[in-house]
Protein chains: 2
Amino acid sequence: MATRARSATIKDVAAAAGVGIATVSRAFSGAGSVSASTRERVLAAARELDYRPSALGRGLKLRRSGGIGLIVPDVTDPFCAELVAGVLACARTLGEHVIVDAAHGDPAREAEIVDRLVEQRVDGVIAMPAGRDADWRAAARVCSSVVFADRVLPGLPEIPAVLADDAGGVRSLVEYLVGLGHRRIGFLGAAPPAPSATATAAASAAAPPGGPPGPPPGVRERAFRDTLAQLRVPVEEDLIVAARPAGDAAYAAAAGLLQRRADVTAVLAAGHLLGEAAVLVARGLDLRVPADVSIAMVDDVAWAELCDPPLTAVARPARDIGYRACELLLRDRARRGPARPVLLPTELVVRGSCGPLRTARAPGRGTARHA
Amino acid sequence: MATRARSATIKDVAAAAGVGIATVSRAFSGAGSVSASTRERVLAAARELDYRPSALGRGLKLRRSGGIGLIVPDVTDPFCAELVAGVLACARTLGEHVIVDAAHGDPAREAEIVDRLVEQRVDGVIAMPAGRDADWRAAARVCSSVVFADRVLPGLPEIPAVLADDAGGVRSLVEYLVGLGHRRIGFLGAAPPAPSATATAAASAAAPPGGPPGPPPGVRERAFRDTLAQLRVPVEEDLIVAARPAGDAAYAAAAGLLQRRADVTAVLAAGHLLGEAAVLVARGLDLRVPADVSIAMVDDVAWAELCDPPLTAVARPARDIGYRACELLLRDRARRGPARPVLLPTELVVRGSCGPLRTARAPGRGTARHA
DNA sequence: ATGAAAGCGCTAACAC
DNA sequence: GTGTTAGCGCTTTCAT
């Protein structure tokens with residue numbers, strides 16, 4: 001029926017329905033007033049022509065696209081994916097679409113994405129920022145609005161943010177472990193991704209590839225130290241290691257820790273990638289969990305439950321973070337203020353990977369790599 | 001410096017540089033010809049004004065937005081997430097942005113998303129379709145182009161698609177299991193999501209909520225039966241169960257199978273959600289893997305390696321599927337033809353969850369739910 | 001090499 | 001209640 005020419009425009013519909021284009025516009029947008037009969041004619045004509053209002057035309061007029069941008073380090077990471085889902089859920093209720101992209105921890109790439117987003121005239125952008133305060137400062141100037149999710153940039157306190165209460169999460173985990181009797185607890189933390197390049201946005205093509213996700217370094221470790229101190233447990237520098245939260249590096253760090261200090265009785269991994277490494281290393285070293293070592297981590301991802309034994313973890317509300325960030329971006333844009341970051345509570349999910357302190361690790365175990 | 005008025009337009013730049021707007025356009029797009037000195041002046045003025053060309057204006061003129069739509073059942077599902085990553089990677093190289101949304105297996109929601117995408121005038125859409133041939137037939141008419149990824153709709157063979165060779169994957173798994181000596185292999189398949197509502201796109205607000213992901217039912221099961229038959233192993237209907245690949249339903253199905261037939265020696269789960277259920281049930285029943293039952297699944301997700309023992313699985317190239325689908329959509333739009341679906345190879349990843357056939361399950365094991 | 005002008009499809013005044 | 005009109009910011013002939 002319909003000739004395959006080009007999609008119908010508001011003008012076509014107007015002609016077909018024998019009305020002016022403004023009437024068509026009104027009939028569709030609901031604004032203004034149209035008589036019921038006219039509206040019906042218009043809608044019928046539109047249906048007949050397979051008419052879809054062009055968001056391009058509308059956007060041009062309104063100077064906004066009706067979409068938001070979402071930048072995460074990696075859509076494949078379970079935490080990020082959950083956060084994305086939260087944003088999608090909220091955006092949907094607000095009638096906005098979401099342009100998603102992954103920066104893979106590369107500040108240059110991130111800046112590039114922001115650029116594209118600005119060109120698209122998104123109504124705002126939500127980001128788990130990778131780095132370079134300067135870039136984001138510039139972005140915030142030119143973007144309608146920006147909100148950070150799960151992480152902040154130290155140099156940009158004025159940008160609204162939605163965060164998990166990481167410190168609280170780590171604290172509860174440490175308290176739990178110490179309550180179990182552990183005193184020598186290893187901390188597997190995330191190393192800061194890049195050597196803090198605070199250079200201004202130079203057009204240099206040098207793209208320092210940062211690692212994957214990489215949670216905000218610092219706050220977790222600080223919480224670990226503080227809680228220990230508060231509990232009168234000595235803090236041993238030797239037990240605190242930082243690694244890039246990537247497969248190999250994390251594995252190496254975990255292995256180093258567990259072999260160097262055969263006397264650790266528990267390991268707290270500050271992220272699921274680190275936790276994975278800890279589990280794998282323990283298995284490789286033939287350490288029984290939790291008999292020989294207790295293991296716990298931050299981020300309650302799916303596999304934590306499938307592990308044997310299931311892993312105790314701090315659940316961070318990734319989906320809620322995304323949802324709230326989107327809300328903050330779109331709904332609460334009214335009350336603009338340098339409000340401090342929204343902190344969402346975490347929850348300690350106790351499973352079977354942490355046990356009460358035993359006297360000593362079985363002799364011979366964990367001192368050498370096992371076949 | 002820059003007054004916070006409204007973002008600069010091409011006109012502003014033209015004025016600032018003392019040239020016509022066409023020149024500015026040319027300077028930015030690279031098309032046409034501009035003298036080096038003029039281009040420099042233009043670029044300088046643009047930088048000064050923080051000018052970003054509006055994709056809205058360009059899109060309106062060009063009748064395309066420079067973005068594509070991507071519809072998946074659930075961004076949180078590891079397979080989907082990987083597929084999304086593939087699409088993003090390809091889109092990036094082609095300079096397109098990606099509007100992502102999740103349909104959660106609900107055909108109505110999916111149709112709604114397509115509608116929005118059409119309004120946005122996306123250059124094409126990639127989808128893991130949930131259902132309703134009619135909706136997609138309509139979508140294909142009005143969309144610039146559509147490519148299916150990972151699944152197809154039986155009624156729409158003319159829509160290009162990129163699929164994993166599921167049949168091949170299952171076949172290799174069955175051959176492997178049979179080679180190990182197994183004869184009574186349970187098959188945990190995915191039940192078709194909805195009662196096949198082939199109703200035309202009615203505006204009825206009734207939204208039948210389909211389940212999560214849900215792989216294409218049928219081909220995996222058929223491959224299972226065929227391979228068994230080919231290998232001269234009797235096919236027992238009793239060992240083939242279908243479940244919605246959601247937590248509870250899958251768990252129930254797996255439990256039912258394992259308890260009803262205490263003599264199964266291996267279970268093949270046709271998806272990672274089903275595999276998860278199998279692992280959990282086996283653990284609940286106190287069955288040792290692989291001593292009492294061997295377990296294997298389709299989809300090599302992250303936790304397969306963390307399981308104890310690590311799970312043998314068929315890896316399906318989710319990322320490649322996404323990448324190829326995007327390529328097909330954007331690059332190969334020239335050679336349009338009812339070419340048959342692109343099939344990407346799978347790979348059998350052998351780990352420790354499948355063992356040679358033992359004589360019998362230890363007495364008492366697996367006959368009742370264990371604490 | 002560059003400028004003027006005509007829209008792309010839409011919304012929002014403003015007339016009637 | 002409905003039509004007319006003036007742009008929104010851009011690309012693209014077509015002149016020059």
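Just so it is clear: chains get the letters A, B, ... in the order the sequence lines come, proteins before strands, and each one is counted from 1. Quick caveat: nothing in here was measured; it's all calculated off a predicted structure.
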Contacting residues from residues 8-30 of chain B, given that a heavy atom lies under 4.0 angstrom of DNA chain D: B:T9, B:I10, B:K11, B:I21, B:A22, B:S25
Here the pair of heavy atoms bringing A:A102 nearest to A:D74 is CB-CA, 4.2 Å
Gap between atoms CD and P, on B:E119 and C:dG9 respectively (whole Å): 15 Å
Nearest 0.5 Å please: distance from the CD1 atom of A:I321 over to the CG atom of A:L83. 6.0 Å
Between C1' of C:dC10 and CG of A:L60, the distance in whole Å: 8 Å
In this structure, CG of A:L88 is separated from CD1 of A:I68 (nearest 0.5 Å) by 8.5 Å
Take the protein atom CZ of B:R63 and the nucleotide atom P of C:dA6, then report the distance between them rounded to whole Å. 18 Å
Are any of the side-chain heavy atoms of A:I10 and A:P53 separated by less than 4.5 Å? no
Counting any heavy atom closer than 4.0 Å, what does B:S33 reach on the DNA or RNA strands: base, sugar-phosphate only, or nothing? base
Give the rounded distance in Å between these two atoms: CG of A:L56 and C1' of C:dG7. 14 Å
If I take atom CD in residue B:E40 and atom C1' in nucleotide C:dT2, what distance separates them, rounded to the nearest angstrom? 17 Å
Which residue, B:K61 or A:A31, contacts DNA chain C at a nucleotide closer to its 5' end, judged by nearest heavy atom? B:K61
Would you say the side chain of A:S29 lies within less than 4.5 Å of the side chain of A:R58, judging by non-hydrogen atoms? no
So, B:R132 and B:D135, do they make that salt bridge, N to O below 4.0 Å? yes
Looking at B:R47 and B:E40, what are the two nearest heavy atoms and their distance? NH2-OE2, 4.2 Å
Salt bridge (charged side-chain N to carboxylate O under 4.0 Å, His left out) partners of residues 18-32 of chain B, not counting sequence neighbours, each pair once: none
Starting from C1' on C:dG9, measure out to CG on A:L49 and report it in whole angstrom. 15 Å
Atom-to-atom span, CG of B:L62 to P of C:dG7 - whole angstrom: 17 Å
Considering only NZ, NE, NH1 and NH2 on the basic side and carboxylate oxygens on the acidic side, decide whether B:R324 and B:E327 come within less than 4.0 Å. yes
Taking five pairs at each end, how big is the angle between the two axes of the helix from C:dA1-D:dT16 to C:dC16-D:dG1, to 10°? 40°
